[in-house]
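A short write-up of the structure that comes next.
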Amino acid sequence: MFCYQCEQAANGKGCQTKMGVCGKDESTAALQDLLIHSVSGIARHAHQARQMAGLQDRAIDVFVTEALFATVTNVDFDPERLRQTLLQGRQIAEKARALYEQACAKTGAKPEERRCPAMNGAMAEDLDALIESGQQVSVTRRREALGDDVAGLQEFMLYGLKGAAAYTCHAHDLGHDDDNLYAGFHEILDFYFARQADLGKTVDNCMKVGRINLRAMELLDAANTGAYGHPVPTSVRVEPLKGKAILISGHDLQDLHALLKQTEGKGINVYTHSEMLPAHGYPKLKAFKHLAGNYGSAWQLQAKEFDEFPGAIVMTTNCIQRPRDSYKGRLFTTNLVAWPGVQHIGPDKDFTPVIEAALAAPGFAADGPDKTITVGFGHEAVMSVAGKVIDAVKAGKIRRFFLVGGCDGAKPGRSYYTDFAQAIPKDCMILTLACGKYRFNKMDFGTIDGLPRLLDIGQCNDAYSAIQIATALAKAFNCGVNDLPLSLVLSWYEQKAVGILLTLLALGIKNIRIGPSLPAPVTPAVLQTLVTSFGLTPISTPDADLKAIFA
Ligand code: SF4
Ligand code: SF4
């Protein structure tokens, strides 16, 4: 196997033994490679049908984004589920081919002979045959064909698209779709499938992915706020209450809502974990009295935290890790998340097995201390105090804004972000999003003029809110976003963070600092291009970076 799609890539280069650092084995890796190859072929026909005759099919659109999402780090580790997805892909490929042939008939074009790889004989039902086919279309083969610079940047482009796919899937589940957005996915995958050794075109397509991801985040923002209201500043308990308990992790607010409805009146407290924390700020979710608080921290400490949690646990999206036997029996997955041997909640969202597991578990024996943190500073909440913020900037009370956010990984070097946040001068505001904030979000950063110095904007997809806030500030100060007293210090771990980085670059935002290490697929030559064009800078030390920012 060879995989370098996340920041955990072995030795900063790639996982290439029998097992990736995340726990992905070589069979799963091959099946994921085959799924990407198949889905690119499907998207190619869908792209041609749209281009030629404006034809489209929502089943194809949804399959493409779900398949991309399934290959994101820490989502689907189950070879059997991947086999099922590949077999479903065969039917979807037939649809895409028929759509393409229909477009040819409409326009008088002669259909090309080349069949979609998802339809060919290699798509056997046998798992071993599928794994063997996957090994033939690995990233290694693409690197041999395209060279490390172009192949690496095309993988980076694909990773950004995977991140955008995750957001698009959540929005779709809440009934929000956009034809142009789906068309963008197909166009990029068509380019990926064509294997063109063209660095310039690859850079252009990376920027397109950035714009696709922006639209996906915007759509998801509309879906989440449309369903559950705009987040409002909310105090969240971070210590447990006595009683039976369910912990829900991941990004899917719809799953949380369904779980809250099904557990109402059953004497079970529901706690959020990791990226589910911002859910507490949404009016229609916080209205449930048994949404009791937040437990634990970011995903990478889940083995210890789930072990100690005395109830049932639900993983709605990434990031799942190899479960310990001690809690595997009370762990549940849903949506695209899967681990062999872990119970899966199907699309009907019947959480009865979760509720039964929670009632059978001991629950918390006593209340923890009364400790809270505040969440819920989405774009509407921040805009409501914009006048106060602008006055404080004009009066010199707020010197600078720092957005310290992004995905979090497990490497010890990540203490940079804690140290950095603590070293930020007291007359500066700190904006956070995604799970990197767990490194410092329970610390007391004080206030400026009654405003909390640390404002949590939300999940990684709420980077959309951060962009809205920055754009509004730039408008208020009559300048560009790059002229604002704003510094972005981002952490990356997996593909959603890549999508967000590409969005910021596509918006022309410069001088972003990124760490803790650089993405393995980005070669030194490509990095130089990014540094020259965008001022993208690797993090160094908190002191040196702050000194450079204030220079
Ligand atoms: S997803 Fe990350 S940790 Fe897992 S195999 Fe790929 S590079 Fe390695
Ligand atoms: S922010 Fe990124 S690393 Fe953190 S839970 Fe979400 S997807 Fe995983």
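Note that these values count all heavy atoms, side chains included, but never hydrogens, waters or copies made by symmetry. For ligands, and for the atoms within them, numbers begin at 1 and follow the listed sequence.
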Here's a test for you: under side-chain contact (heavy atoms from CB on, under 4.5 Å), which of Leu219, Asp255, Leu220 qualifies with His170?
Leu220
For atom 8 (Fe) of ligand 1, report each protein N, O or S atom nearer than 2.8 Å, sorted by chain and then by residue number.
Cys15 SG
Say whether, by atom type as modelled, one donor and one acceptor occur between the side chain of [X] and the main chain of [Y] under 3.5 angstrom.
{"X": "Glu66", "Y": "Cys169", "value": "no"}
{"X": "Gln459", "Y": "Pro278", "value": "no"}
{"X": "Gln495", "Y": "Thr73", "value": "yes"}
{"X": "Tyr159", "Y": "Cys6", "value": "no"}

Strictly by side chain to side chain donor-acceptor pair (under 3.5 Å), give each pair with a member in residues 310-319 just once, sequence neighbours left out.
His251-Thr317, Asn318-Glu494, Asn318-Lys496
Protein N, O or S atoms less than 2.8 Å from atom 2 (Fe) of ligand 2, ignoring waters?
Cys407 SG
Describe, in one word, how the ring planes of Trp339 and Phe77 are oriented to each other, choosing from parallel (under 30°), tilted (30 to 60°) and perpendicular (over 60°).
tilted
Would you please classify the geometry between the Tyr182 ring and the Phe185 ring as parallel, tilted or perpendicular, with 30° and 60° separating the classes?
tilted
Pair listing, salt bridge (charged side-chain N to carboxylate O under 4.0 Å, His left out) test, anchored in residues 458-469, at least two apart:
none
Atom 6 (Fe) of ligand 2: closest protein heavy atom, distance to 0.1 Å, is His251 NE2, 2.5 Å
Counting only heavy atoms from other residues, nucleotides and ligands, does the tally under 6.0 Å from CD of Gln136 exceed 12?
yes
